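First comes the structure, then the notes that go with it.
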Amino acid sequence: MPSFMRGNRKKFIIARTVAFNVCVLYNIDMNDLSLNEYLKSPCRARSIPYWKQKITVIPSGMKIVHDEDFIAERFLGYVDDRYFRLYHGLKSIDPSENDDVEIIAATPDKTDVLVDIINTSYRDLSVTKDRLTEFRKTQVYNPDLWILLKYKDSDVYVGSGIADYDGEAGELILEWIQVLPQYRGRGFGRLIVNRLLATMRGTAKFATVSGKIDNPTNAETLYRKCGFVGNDVWHILRKK
């Protein structure tokens, strides 16, 4: 999760996005969108959750454009990375479980385990124990949304999940979802996602998730299997 640079009216954030292999710099003017406007269509309204859009500002040399407004010829001098953003109404959640594994809380004393899982799961990003400690201090931190997946009666961990909850918007935000490479393809990712969704059903109004399109781990397919829907695509453009 991001570190913050604070100003009087604007703040800067390097926002994390879960999707198995992504850490992207997002920025938006903090006064650009009202909550009511955002809630009409969260994934179309912004490329990031409401709480983040209130505290971020676009840096020089970057543009963020929804696919419906994107014209490639206007951005020939930019590197274009595309990101999906999906929505879940929390109405239907798969209750399936796996008898071989169990989900436990990723309590502060398990931070070393969490760091190891995250760093082993990604090729192009890493976290430290100090960074995860800082994540727990954000306004959207909820200890029930930090979980570990392990084999029962053992210390063999296979994956983890971190989500945020913005009470103002009623939004559950899936951030870090990862399964260790050697345990992928066994449905463990769905177990993690569905547990996070089920935890907040009845509390959150909806859930969102985003991630890089064409990611080798195919995170979008995982989320759609868990009931996420939508076709919103955002272009994150950086000057070459």
Side-chain angles (χ1 to χ4, degrees), residues 1-6 11-24 26 48-52 54-56 97-98 100-184 188-204 207-211 219 226:
M1 164 76 168
S3 57
F4 294 82
M5 295 175 60
R6 303 180 182 274
K11 301 174 186 177
F12 175 91
I13 181 175
I14 297 179
R16 70 182 189 275
T17 60
V18 186
F20 281 77
N21 216 358
V22 168
C23 187
V24 182
Y26 288 116
I48 55 174
Y50 179 72
W51 81 275
K52 289 178 182 175
K54 293 194 303 178
I55 60 172
T56 58
E97 297 187 2
N98 184 312
D100 296 326
V101 295
E102 61 182 343
I103 290 176
I104 66 171
T107 50
D109 63 296
K110 300 287 187 183
T111 300
D112 287 334
V113 174
L114 196 53
V115 167
D116 183 63
I117 292 173
I118 292 174
N119 290 346
T120 304
S121 296
Y122 301 101
R123 295 179 180 178
D124 58 352
L125 66 87
S126 63
V127 298
T128 64
K129 187 173 183 178
D130 288 342
R131 286 186 68 198
L132 288 187
T133 299
E134 288 300 311
F135 299 165
R136 297 180 189 271
K137 299 176 183 178
T138 65
Q139 67 192 64
V140 292
Y141 168 67
N142 183 324
D144 294 334
L145 301 177
W146 288 52
I147 59 177
L148 292 163
L149 183 68
K150 61 184 287 290
Y151 277 103
K152 292 180 178 178
D153 302 319
S154 79
D155 292 324
V156 178
Y157 292 89
V158 301
S160 61
I162 295 175
D164 294 330
Y165 177 61
D166 176 11
E168 182 182 6
E171 181 176 8
L172 170 65
I173 307 143
L174 301 194
E175 290 288 5
W176 295 89
I177 307 296
Q178 49 278 318
V179 174
L180 290 170
Q182 64 269 36
Y183 298 113
R184 293 173 185 168
F188 293 152
R190 291 197 298 275
L191 288 176
I192 293 169
V193 171
N194 287 328
R195 172 60 67 88
L196 292 171
L197 296 176
T199 296
M200 298 306 290
R201 180 165 55 183
T203 300
T208 59
V209 69
S210 62
C226 294

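Please read these numbers as outputs of a predicted model, since none were measured by experiment.
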Pairing of Glu134 and Arg131 as salt bridge, 4.0 angstrom limit: no
Around Asp109, counting heavy atoms of other residues, nucleotides and ligands shown, do more than 12 lie under 6.0 Å from its CG?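 Check passes, neighbour count above 12.
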For Glu97, is the CD atom crowded, meaning more than 12 foreign heavy atoms sit under 6.0 Å from it? no
To the nearest 0.5 Å, how far apart are [atom1] in [X] and [atom2] in [Y]?
X: Ile162; Y: Tyr141; atom1: CD1; atom2: OH; result: 9.5 Å
X: Asn194; Y: Ile103; atom1: CG; atom2: CD1; result: 9.0 Å
X: Phe188; Y: Leu180; atom1: CZ; atom2: CG; result: 10.5 Å
X: Ile192; Y: Leu148; atom1: CD1; atom2: CG; result: 8.5 Å
X: Leu197; Y: Leu174; atom1: CG; atom2: CG; result: 5.5 Å
X: Arg190; Y: Asn98; atom1: CZ; atom2: CG; result: 10.5 Å

Are the side chains of [X] and [Y] in touch, meaning some heavy atoms are under 4.5 Å apart?
X: Tyr157; Y: Asp116; value: no
X: Ile147; Y: Thr199; value: no
X: Arg195; Y: Leu149; value: no
X: Asn142; Y: Leu172; value: no

Heavy-atom pair of closest approach, residues [X] and [Y]:
X: Ile117; Y: Gly159; value: CD1-O, 3.7 Å
X: Pro181; Y: Ser121; value: CD-CA, 4.3 Å
X: Arg136; Y: Ala106; value: NH2-O, 3.1 Å
X: Tyr50; Y: Glu171; value: N-OE1, 3.6 Å
X: Lys129; Y: Thr111; value: CG-CG2, 3.5 Å

Dump the intermediate steps for side-chain contact (heavy atoms from CB on, under 4.5 Å) on Ile177 and Val209, then the final yes or no. CA-CA 10 Å; Ile177 307 296; Val209 69; 5.8 Å; no
Is there a donor-acceptor pair under 3.5 Å between the side chain of [X] and the backbone N or O of [Y]?
X: Arg184; Y: Val179; result: yes
X: Asn119; Y: Val127; result: yes
X: Lys110; Y: Leu114; result: no

I need the single residue from Val158, Val101, Ile104, Val156 that forms a side-chain contact (heavy atoms from CB on, under 4.5 Å) with Lys150. Which is it? Ile104
Can you list everything that forms a side-chain hydrogen bond (donor to acceptor under 3.5 Å, both in side chains) with Tyr165? Sequence neighbours excluded, please.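 Expected list: none.
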For Ser126, enumerate each residue passing the side-chain hydrogen bond (donor to acceptor under 3.5 Å, both in side chains) test, keeping only those at least two apart in sequence or located in another chain.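 Checked Ser126 against side-chain hydrogen bond (donor to acceptor under 3.5 Å, both in side chains); zero matches.
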